[in-house]
Undergrad: 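I have a structure here, written as structure tokens, and I will follow up with some questions on it.
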There are 10 protein chains.
Amino acid sequence: MTVFKNRADVTAAIVAARVARGLTWKAVAEHIGQSKEWTTSACLGQMTFGAKSAEKIVALFDLDASALPWLQVPPSKGTLDGGAPSDPLLYRWYEIVSVYGPAIKELIHEEFGDGIMSAIDFRLDIEREPHAAGDRVNVTMSGKFLPYKAH
Amino acid sequence: MTVFKNRADVTAAIVAARVARGLTWKAVAEHIGQSKEWTTSACLGQMTFGAKSAEKIVALFDLDASALPWLQVPPSKGTLDGGAPSDPLLYRWYEIVSVYGPAIKELIHEEFGDGIMSAIDFRLDIEREPHAAGDRVNVTMSGKFLPYKAH
Amino acid sequence: MTVFKNRADVTAAIVAARVARGLTWKAVAEHIGQSKEWTTSACLGQMTFGAKSAEKIVALFDLDASALPWLQVPPSKGTLDGGAPSDPLLYRWYEIVSVYGPAIKELIHEEFGDGIMSAIDFRLDIEREPHAAGDRVNVTMSGKFLPYKAH
Amino acid sequence: MTVFKNRADVTAAIVAARVARGLTWKAVAEHIGQSKEWTTSACLGQMTFGAKSAEKIVALFDLDASALPWLQVPPSKGTLDGGAPSDPLLYRWYEIVSVYGPAIKELIHEEFGDGIMSAIDFRLDIEREPHAAGDRVNVTMSGKFLPYKAH
Amino acid sequence: MTVFKNRADVTAAIVAARVARGLTWKAVAEHIGQSKEWTTSACLGQMTFGAKSAEKIVALFDLDASALPWLQVPPSKGTLDGGAPSDPLLYRWYEIVSVYGPAIKELIHEEFGDGIMSAIDFRLDIEREPHAAGDRVNVTMSGKFLPYKAH
Amino acid sequence: MTVFKNRADVTAAIVAARVARGLTWKAVAEHIGQSKEWTTSACLGQMTFGAKSAEKIVALFDLDASALPWLQVPPSKGTLDGGAPSDPLLYRWYEIVSVYGPAIKELIHEEFGDGIMSAIDFRLDIEREPHAAGDRVNVTMSGKFLPYKAH
Amino acid sequence: MTVFKNRADVTAAIVAARVARGLTWKAVAEHIGQSKEWTTSACLGQMTFGAKSAEKIVALFDLDASALPWLQVPPSKGTLDGGAPSDPLLYRWYEIVSVYGPAIKELIHEEFGDGIMSAIDFRLDIEREPHAAGDRVNVTMSGKFLPYKAH
Amino acid sequence: MTVFKNRADVTAAIVAARVARGLTWKAVAEHIGQSKEWTTSACLGQMTFGAKSAEKIVALFDLDASALPWLQVPPSKGTLDGGAPSDPLLYRWYEIVSVYGPAIKELIHEEFGDGIMSAIDFRLDIEREPHAAGDRVNVTMSGKFLPYKAH
Amino acid sequence: MTVFKNRADVTAAIVAARVARGLTWKAVAEHIGQSKEWTTSACLGQMTFGAKSAEKIVALFDLDASALPWLQVPPSKGTLDGGAPSDPLLYRWYEIVSVYGPAIKELIHEEFGDGIMSAIDFRLDIEREPHAAGDRVNVTMSGKFLPYKAH
Amino acid sequence: MTVFKNRADVTAAIVAARVARGLTWKAVAEHIGQSKEWTTSACLGQMTFGAKSAEKIVALFDLDASALPWLQVPPSKGTLDGGAPSDPLLYRWYEIVSVYGPAIKELIHEEFGDGIMSAIDFRLDIEREPHAAGDRVNVTMSGKFLPYKAH
């Protein structure tokens, strides 16, 4: 078993082990007791695991123990490069696509199969949620799923 | 009053007239009977107006009548350039930021003032909605609003 | 009436006049006796008019006579910049999008309204057509039209 | 035989095995009972195989069994980066070149040998096809094949 | 006097008026009762003025009254484009240079004349400040000023 | 043990050894008797070690002796590419992010865990410090720490 | 008549005057007694005129006398940006396309009409020419002309 | 001997074998009975060999037999990326530099040694050659060779 | 006479006035008593004038008095964008080309006419100069001038 | 000992051997009897060695004999990509930074240690040197050395 020398190699090992074992991301999430969105994002190398979650991931995928500290160190995040909008509000939305994009892709494919969420047959709603620790921006988006079909 | 020769000039005129009159986007949306999200996006040059909505917009902002056909012709859309992800699923999310981003910026500022929606104190949820015309991907996002403060 | 000093200004004048008069591209094409695809592409500044077509265009849109020689001089073509694939075969396909793209956009919108031709619900067929002057590559593509809807 | 750890390595193995065995893409397509366009695109890593097709591909090219799940997981698609047009309609055409381009290149070379499909001696036709599930945009393109010649 | 139609024109007018009147940014800041850093950044179009500050700025620089609403609407921010780091922590530092950079440039030049703050003869210190509303990252940087000299 | 053939490999070995041993950057800095900011930056390949510090680093991380001369040779510095501002004053700030950014990221994570320093809830102060060897620009920045949270 | 304030405006005036008068580049070249290649390149703003040629150009196109010194000052050259190969030998070929490209385009269109010189049906020959002042690289290229046709 | 899995590895093997054996490109060209320009370009991975030429190349450089089919499959061509001019006529010239550039570099160095062909002490001539299969654009270019000298 | 509203317009006015009057940069430099290198760079908008030099420039070129403060305010410098090397030492050399490049171009053209300084027939020498205020890097470069010639 | 298959590997081997042996570039230059500037540039893969120099380099660094022909074949040169200025005169200066930059970096570090040559405390002088084989542009530059210091 290889000794891991960086987080990227741990991520690749998780990705390969999950496909080989045929596990869904939902099953992985239930195994560590977090949401499927956070779990997928973290397994894809975008979030930092706590000590217990890290141990469960190492056990679940039978990784070398050297993966443990790497899963608990904040990783270098983001997957898009170039073309970021300079306005800070717009940038945060771009950052969501950059940081959460790969997890979103995995989860939509897991639920629907190969295809896309339409940005044309699409609806967006923005609301304010009052909150003691600071009000929140709540956004709901609904896009039709369009499947790729073999022919 | 100037004769409009392209949609971009109509957009600039709407943007200027709205600020000068101190109208909110919500008020504009109510005036034409559409959602605030669609209305803002359309006024910012990303959507095509129907004949009645176009007339109401021209009246509301006292635009030259030459604006009318331009509002009803599909515009060149999108505001980001470069750095688009090549994967079609990821691209649709990037396109949402490109096409709806300016409207999102306007509506968050209108509701909260200057600041951003956090991508760190942030939560994402993806669900499937069964639908006769094809199932839909429903996404809810919640991010804390962080204000810019003068000091 | 302004004296035209380059092709780009002639193109902008045609684009503005067509919208102001509410003419379809098909009607323009019939007026000059060419296909709607070539005519739209040429009016958008990508093709060179012959003498008779140029005169008909100037008359139809009531342009200054200085437009005449500009319509008959080969223009600087193409609308995409950056990101071109280096392989010559792939590049020709990219060039088709660059040179004919604006005309394709106009004609799909004219026929269907605002929306897109899907690249997901999409099918492609490539066949060889024997031809005395050199065999041809014949391609048929079929993509579902997806409309933008106001909401 | 190597255990596959991602789809890209499976794609490379298929590409190498096909050339080594001198199989045409048409023969591969007949073997799995899909169109040559879809099959080539899928073998080049742009589409997701069903279970039966995946098994046939693994058998045909004598791949390690670990290739099986990778062929059935939606891949990261697209081959062009940078320079994408921001308008959604134009972008779908660019995406077609990005997603289907490598398959198009293979199939034209398979049929005609080394060379290109001309974008100059070229003709384009766009028609509407009424369809119960939503009307379709039908496009036919015809470009002369121009061969590279040794000299 | 021109009617302002966007924030960029208001910014250009402030920049021109300040140089023409020989006012320092410090004097402008004292006039509106905010820090020199915030004031300069806001005058350069990166921050949103409150109603009273906006009125003082309009009076100080003798701007057309149409500047008033523009100064109170959140502007499109940021001045760097391309090359942003994808990691969210690194990006915030890049954003500081993008949003506050022009103000920093003005204030260093105002205090020291033409030249730069050295990034070589430079020292950096990062400390944690406990804070009831959430701990803060405090950074102090010290760089030697190097003047441009005529010769 | 591998013979090192360039500085990049030495940097990777230090990064891997530190995580494997669970050492903090502060502890490394104390070990060699330099500041945590300089030490982290140097270990990440951005600064040149003196002979004694180099020996201590090699011993601390049990590196091959061939690392010694590489640690003492000025490295190729900087981590950002593209998008640099052309103005020399602004560039030095960009260079600070490029050269010191990875060290800043490590030290904030070490002190606070995974998260960012806000550029919105942020304050900046620029002062002149008279100095015999040339006056200095002193900058203090304060940004709220925002943690990523698992959910 | 406008006073010219830079070379770019002189170039635009020449380009407009030539089309308006229906002069060929060959006729312009004969008028000033230089080759058609050099003359076209110089008129397009890439070369520096001598005093006599400058006067003839001003007279031929009836330009304001302020054009005279601008035609005799070395201009800012080149028309391509980005993507230049770093190797010096390859760069000189790229520079030829950048500096002479617009003239080549004009002259091929003048001789053949709208279309391209094929890079597929193309042949290249490189020979050494001994020369007292330093040997020369002589290159001959032959590419089939492919016309755009209206349809 | 390694089994070749793509054309790029075959190209690298040819390049290495030619230098190791001290063969000129002219000698390689004579060996396969094609021009030096085509041969060099093909050996550098830009052209497709016929069956006999492929066999001769494999024998000459003592390559593994698995190189044979790769030499006969149309390769992915072109070496420049980014910055291509959008105009189709200008693009073909850029493509010539992209596809033939590496061969041109090799042949000029083979004939003259290290240095460049000047784009300053340079002359260009464009002529029409009538041809039954379609007229041709003939171009002759002459540039002084400038050697790099050790000092 | 126009009131100047930014430095760029002052620069354009100086550039135009110098060509119209046929003044050399050397004469301008002597007029203000600075070196030709600094003077040209400053007139091209890269350096800050002192009060006396600014007055002499305004008088020499008969500029509107509003140019005076703009000439004395540190300008936004640099002329190259993109592609800067990240290493700080290499960047300073790139910055020299960015900041002084336009002045170098003007002065070489003034002395030699249109052409270039060869980077092939070129020699470089780097020496250390001991200096009380800090040692200096002294560089001498010698490149053959190659003229463009009309033909 | 490895057989070299390209120049880049030879360069990496020289770079590694020089640091491992603690040789200065000056010593290498004296060993082969060329200037330190040319020698460093050539060892870094930017220049072509003659037969005797190549042998001395191979002996000095104890390289495999397969390095010999690679050192004598003109390499692919240049180290900067993107952002090159299009003007030919400015480009040659950019090319000097691209081709000679790595050697300049090495030699300044060798003489002064880690740090930069200032582009602010900097002076530039351009003179004409009459020369029988063509006049030369002589440039002298002087910049203060600024050291990085540990703290």
Side-chain angles (χ1 to χ4, degrees), chain B residues 2-10 29 32-43 45-54 56-57 64-78 80-92 95-96 99-100 103 133-134 137, chain C residues 1-2 4 8-25 40 43-45 61-63 79-85 90 94 97-98 101-122 143-151:
Chain B
T2 347
V3 172
F4 291 105
K5 304 217 160 168
N6 55 61
R7 176 75 181 265
D9 290 346
V10 179
I32 67 168
Q34 305 281 7
S35 72
K36 69 182 187 302
E37 288 80 7
W38 186 88
T39 304
T40 310
S41 186
C43 285
Q46 299 290 324
M47 299 289 155
T48 307
F49 286 89
K52 288 189 185 164
S53 302
K56 286 181 183 164
I57 288 290
D64 183 81
S66 59
L68 264 174
W70 285 113
L71 289 169
Q72 300 174 66
V73 167
S76 179
K77 301 188 175 86
L80 300 182
D81 48 291
S86 70
D87 182 79
L89 186 145
L90 293 175
Y91 181 78
R92 267 61 178 183
E95 185 179 301
I96 290 168
V99 170
Y100 291 94
V137 185
Chain C
M1 226 182 262
T2 348
F4 291 104
D9 291 347
V10 179
T11 298
I14 291 173
V15 166
R18 191 192 69 94
V19 167
R21 279 148 216 244
L23 280 173
T24 63
W25 288 113
T40 310
C43 285
L44 293 175
F61 293 120
D62 199 18
L63 306 173
T79 59
L80 300 181
D81 48 292
L90 293 175
Y94 174 88
V97 182
S98 179
I104 291 167
K105 179 174 164 66
E106 290 290 326
L107 291 171
I108 293 179
H109 289 330
E110 182 163 308
E111 180 64 37
F112 294 88
D114 199 357
I116 59 146
M117 167 180 147
S118 180
I120 308 293
D121 188 336
F122 171 79
K144 188 177 176 181
F145 179 75
L146 303 178
Y148 275 103
K149 289 174 197 148
H151 45 84

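Fair warning: this is a prediction, and the values are worked out from it, not measured in the lab. In the text below, chain A, chain B and the rest are named by the order of the sequence lines, each starting its count at 1.
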Undergrad: Looking at P102(C), A150(C), A20(C), A16(C), which has the largest count of heavy-atom pairs under 4.5 Å with chain B?
TA: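 That would be A150(C).
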Undergrad: Please flag which part of R7(B) lies under 4.5 Å from any non-hydrogen atom of chain C: side chain, backbone, both or neither.
TA: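 Neither; nothing under 4.5 Å.
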Undergrad: K149(C) versus chain B, heavy atoms under 4.5 Å apart: side chain, backbone, both or neither?
TA: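 The answer is the backbone of K149(C).
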Undergrad: If you measure from NZ on K77(B) to CG on D114(C), what distance do you get to the nearest 0.5 Å?
TA: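 Those atoms lie 3.0 Å apart.
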Undergrad: Check each atom of S66(B) against the heavy atoms of chain C and say whether the ones under 4.5 Å are side chain, backbone, both or neither.
TA: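 Neither; nothing under 4.5 Å.
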Undergrad: What I'd like to find out is whether the side chain of W70(B) reaches to under 4.5 Å of the side chain of V19(C), using heavy atoms alone.
TA: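 Contact flag for W70(B)/V19(C) side chains = yes.
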Undergrad: If you count the non-hydrogen atoms of other residues, nucleotides and ligands that lie under 6.0 Å from NZ in K56(B), is the total more than 12?
TA: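 Yes, because the 6.0 Å sphere around NZ of K56(B) holds more than 12 heavy atoms from other groups.
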Undergrad: Between G113(C) and P74(B), which heavy-atom pair has the shortest distance, and what is it?
TA: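 Shortest heavy-atom contact: C-CG, 4.3 Å.
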Undergrad: If you look at every heavy atom in H151(C) and W38(B), which pair is closest and at what distance?
TA: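 The pair with the smallest heavy-atom distance is O-CB, 3.5 Å.
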